[in-house]
Amino acid sequence: MSIEAGLQRYEVVNDLIKEELSKKNKAVVKDVNGQRYIGCALEQGKTIEVHGTPGNDMACYLNGGKIEVFGNGQDAVGNTMNGGEIIIHGHSGDALGYGMRDGQIFIKDNVACRGGIHMKEFENMKPVLVIGQNAGSFLGEYMAGGTIVLLGLNLKRGEKLFGTHCASGMHGGKIFIRGKFPKEHLSANINVSELTDEDKKELDKLVKKYCKCFDCSYDEIMAKPFKKLSPATSRPYANLYTAN
């Protein structure tokens, strides 16, 4: 049995989802039309399958649960998520994974601006964001930890892998970039390097999972080389306002 969201208010839809998940471990929601806050703080062992376009802050504070979207996501998907998994069979809006602390997000196509902003990690909590196509400006802004993978699949002629100010203020974590990219769009405090053996092992697992999510070719993706972006310093703005 599925929930028909239609034109119902988001409060009503979320109450129906909570009621369904109180009896089962999975809820299917169809005809979603921008209803916000779907799956907020969803606990481990619970799954929500979304058909349509969920509104802002889907899966905010996700706490170990899984949300799969057959459609596109709007802004702030996975806002401050603590763990779990988000899979979107389309694209996503601004501030994807804002402040995410753990868990994994897989986006089949592209993301808008500020994807992975303020991502952070602590001990075994290491968030992951994998983007299939390209990203807007400020990808990885103020990034403090975790991993972003940008695959650059199916780009049209003239399209760039990412917009301006990539990794602006980044002071931790890493970004794996596949193929050629506009180095003039990188922030000055970013190092570009080859992948280490440990990086390759991590990337291999994430690409295989992306391929499993979206039924695409692992060999085709890995046929192009990757580079790693990492911060040159843990204090990129140390001398911005006063000398240190």
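All heavy atoms count here, side chains included; hydrogens, waters and symmetry mates do not. No experiment lies behind these values; they were computed from the predicted model shown.
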> Can you name the residues that form a side-chain contact (heavy atoms from CB on, under 4.5 Å) with K209, not counting sequence neighbours?
Replying inline: E85, Q104, F106, C213
>> If we count only N and O atoms by modelled type, under 3.5 Å, do the side chains of R101 and N82 hold a donor and an acceptor together?
In response: yes
> Is the shortest side-chain N to carboxylate O distance from K26 to E49 below 4.0 Å?
Replying inline: yes
>> Can you tell whether the side chains of E4 and K30 come within less than 4.0 Å, N to carboxylate O?
In response: no
> When you measure from the side chain of K66 to the backbone N and O of I48, does any donor-acceptor pair fall under 3.5 Å?
Replying inline: no
> Taking D102 for the side chain and K126 for the main chain, is one N or O donor matched with an acceptor at less than 3.5 Å?
Replying inline: yes
> Can a salt bridge be assigned to the pair K160 and E184 using a cut-off of 4.0 Å between side-chain N and carboxylate O?
Replying inline: yes
>> Using a 6.0 Å cut-off, check whether atom NZ of K201 has over 12 heavy atoms from anything other than its own residue.
In response: no
> Would a distance-only check, ignoring hydrogens and angles, find a side-chain to backbone donor-acceptor pair under 3.5 Å from D57 to N79?
Replying inline: no
> Would a distance-only check, ignoring hydrogens and angles, find a side-chain to backbone donor-acceptor pair under 3.5 Å from N154 to G152?
Replying inline: no
> Any donor-acceptor pair under 3.5 Å linking the side chain of T196 with the backbone of D199?
Replying inline: yes
> Does the Y210 side chain pair with the main chain of K108, one donor and one acceptor, at a distance under 3.5 Å?
Replying inline: yes
>> Is it the case that the ring center of H118 lies less than 6.0 angstrom away from the ring center of Y98?
In response: yes
> Short question: side chain of E202, backbone of T147 - any donor-acceptor pair under 3.5 Å?
Replying inline: no
> Would you call D204 and K208 a salt bridge, using N to O less than 4.0 angstrom?
Replying inline: yes
